[in-house]
Structure formats: C-alpha cells, structure tokens
Amino acid sequence: MALIVHKYGGTSMGSTERIKNVARRVAKWHDAGHQIIVVPSAMSGETNRLIGLAKEVMGQPDPRELDMIAATGEQVSVGLLSMALLAIGKKAISYAGWQVPIKTDSAFNKARIQSIDDVKVRRDLDAGKIVIIAGFQGVDVDGNIATLGRGGSDTSAVAIAVAMQALECLIFTDVDGVYTTDPRVVPEARRLKTVTFEEMLELASLGSKVLQIRSVEFAGNYRMPTRVLSSLTDPMIPLEIEANSGTLISFEEDTHMEQAVISGIAFSRDEAKITVLAVPDKPGIAYQILGPIADANIEVDMIIQNQSVEGKTDFTFTVLRNDHAKAMDVLNKSVKAHIGAASIVGDTKVSKVSVVGVGMRSHVGIASQMFRTLSEEGINIQMISTSEIKISVLIDEKYMELAVRALHKTFNLENA
Ligand code: ASP
Ligand code: MG
C-alpha cells in the first residue's frame, strides 16, 4: 500500500462523462490498496470563461477579486468528482484549498505555496476515504483566496505530494508523456520513458508546455517522483501497465547512462531580437541598457556583446515577441540618447531551437555536431547560448521546423 497523488487536467475533467471516467480510474487505484489524493483542474475552458466574466465587469480586474472568481472552477471540479466516486460506492471527500488549508503568500494571481496542513487529509485517508483537493488555489494569512497562476494545479499536486510524503505524483493529462520534440513538427518524435528533472525544466521552459514549470522545480527540489501519463486511455487498463506508462521525471542520472546523450529538442517561436548599435565599450553600459528593461518587467533571455571596435560595441539581446514593442519603446525613450547609442534595431522574425540532455556533461563535441547540422542545411546562427545541459541557437523563424527536424535526426532521437 502506498500513498499516491493523482492530478487530472482540464481536458480530463472536461465533461461529467469524463469525470465519471476519472472516478473509475481513481477507484481502480484505491481498490488495489493504495491511499489516493486527487487534485483536479477546472473543467476545460472554465478558467478562461471565469476570467472573461471578470474582464467584462472590470477591464483590469482587481487581483484579489479575480482570484475569488477564478478559484471557483476547481471548486466545481472537486465536488463533481467526489460525487462521481460516492455514486460508485467509494468513500470520498472534497476540499477547497482554504479548508485543508493550503497556505500561500498574498501575491494574488501568482501566489506561492508556503505550507500545507496534513492533519485532516491524513485522518480522511486513514478512514479509507479518497481525498479530493482543489488545485490552483490556497489561502493567505488574512484568509483571502489566492490562486497560483495559470496551469497552477500541476504545482498544487506536486506540493501536496511532497507535504504528504507520497510515493509518487501522477499527472494525468491529454498527452501520453513527454516527447523528444513536438510530434506535430517531427512525426518520428518518440515518447521518453524517463527524463531528469533538470532536462524537464529546460524542456518545459523552452516551450514544451506539458507541465507548469514551478511544478517541475518543486519536484526537483524535493525529489518527488512525478510521472506524466494519459488520462484518455480506458480507465480500466491494468494498473501495472498504467503505473509504468507515460514519462517519469527522475533524479537518477545513472538511469541515463545507457541512453542517448541528447534527450530532446525544444523550440520557441515567440522570440524577438534587439540590437543596440555602437554603444561605448565601458563599465555600466549593460546595466544602463538592461536596467530599464527589467524595470519594465520584461524578461531577457539571450545576451551577446560583441568585441569593440574603436571603443564602440554592439549589444544584442532577446525578449519574448509580445514584449518587443514595449522594449523598443523603453530603449528609444530612455536609453538611446542617454548612453549615446547610434541606433536600435529590432527583429521579430526569429526563433530559438535548443538541444537538451544531461549527457552533454560527459560528452564533448555536441555543439560542433549541432552547428555542422545547421550549416549543412544552410541555416545561419544569429546567437548562441549554452548551459551545462543545453545549447540554444537563435535563427530566422522560417528555418525553425527544418532545424528541429535536422537536429532530431542528427542526434538519432527517433530510435534512441
Ligand atoms: N484551472 C487553472 C488554469 O486553467 C489551473 C490549471 O488548470 O492548472 O490555469
Ligand atoms: Mg495544465
């Protein structure tokens, strides 16, 4: 017998029919002798609908009141799922975040979990009940409802698994795992049986939107084994098969020894590049350029400063495409004249492609293999950045899919 947390996403909870299927799947795990906590999302589309209502009433919704509204989607889900379990003869009880309580800070719309009380939940589990806890929400020190940001139920589930010292956190979703790359771009993309949490962090932040990034950080920091698997299979598939399906986010790098050096190719279409031309090459310039960008709450990703010629240099960085216009505006208004730059040029037609793998730590030549592949395809590299387990390049957006396909082949990901 083990304590296991199940998380079901919006698609899995998308209709009362699907909720009944979730109940059958959960009951199957409970019948096998496990203690089960379930953390569901709101029914698909519901959170968007609620936020839409708020915006109809107040253009820029008040953050506290917005959470009051947005959190109700999950409250409906837990009640329905609990009833679906009761209806098939299981013992079940549902809780909103504040009832557990799941305590958060007061950063409405993007709150962070601070602590989770396990007393009630343990008592219920010991009484043979399946406990269903609303994802995405908690309560602050003043009793206000606070939500964790879009996709936050993943983080709720992993945090609850950590607090309850569960054996594993199973994230049931509408895909059957984490792939070597997006199968819509490379049909030969393969599901990974395991991926280390560091790789998952890179893959998640680079645009493979399977899990909320903070849930992966939680899993990594507390070493909670977390598995991404399909909720769209027959709910009665044998438990032993289901328990080994999907992708396990692991911590054991040695499980990777026999595997490919590269685990996946990530990409992001939504990049933009900004170059500040001919700035003086002296202390403080990078700060004077990026300080106002940070103050405007714009996230910067890749950065390059070129070698200087006659005391002048070019400074290039990337931002998300959505932030491009705002960043250009900040630079033109308050930076350009101030630092004496010749001009500022922007390019919104760029994409980022990254190869990710912990195997890079012990293998040399990955970068040259990557660059050779791109050169053979005639793709120009505009910027490069690296970490211990990742190499990213910025390229013209029109070559992005070509680059991903070529790299997937070069690193032999279809048959690793
Ligand atoms: N319902 C929330 C959202 O759509 C939280 C979640 O689904 O994880 O963002
Ligand atoms: Mg989600």
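In each ligand, atom 1 is the first atom listed, and ligand 1 is the first ligand listed. All residue numbers in this chain count up from 1 along the given sequence.
Looking at Leu229 and Glu242, their side chains come closer than 4.5 Å, going by heavy atoms from C-beta outward.
Electrostatic pairing of Asp117 and Lys103 does not count as a salt bridge here, judged by no charged N lying under 4.0 Å from a carboxylate O. Salt-bridge check for Glu217 with Arg214: failed, with every basic side-chain N at 4.0 Å or more from each acidic carboxylate O.
Applying the 4.0 Å criterion to heavy atoms of Gly151 picks out, from ligand 1, the atoms 3 (C), 5 (C), 6 (C), 8 (O), 9 (O). The contact set between ligand 1 and Ser41, taken as ligand atoms under 4.0 Å from a residue heavy atom, comprises 6 (C), 7 (O), 8 (O).
Under a 4.0 Å heavy-atom criterion, Gly152 is in contact with ligand 1.
The heavy atom nearest to atom 6 (C) of ligand 1, considering only Ser156, Ser153, Ala134, Gly45, is found in Ser153. Considering each of Arg150, Met43, Lys7, Glu74, the one bringing a non-hydrogen atom nearest atom 5 (C) of ligand 1 is Glu74.
Remark: Asp270 pairs with no residue by the salt bridge (Lys or Arg N to Asp or Glu O under 4.0 Å) rule, at least two apart or across chains. With sequence neighbours excluded, no residue forms a salt bridge (Lys or Arg N to Asp or Glu O under 4.0 Å) with Asp314.
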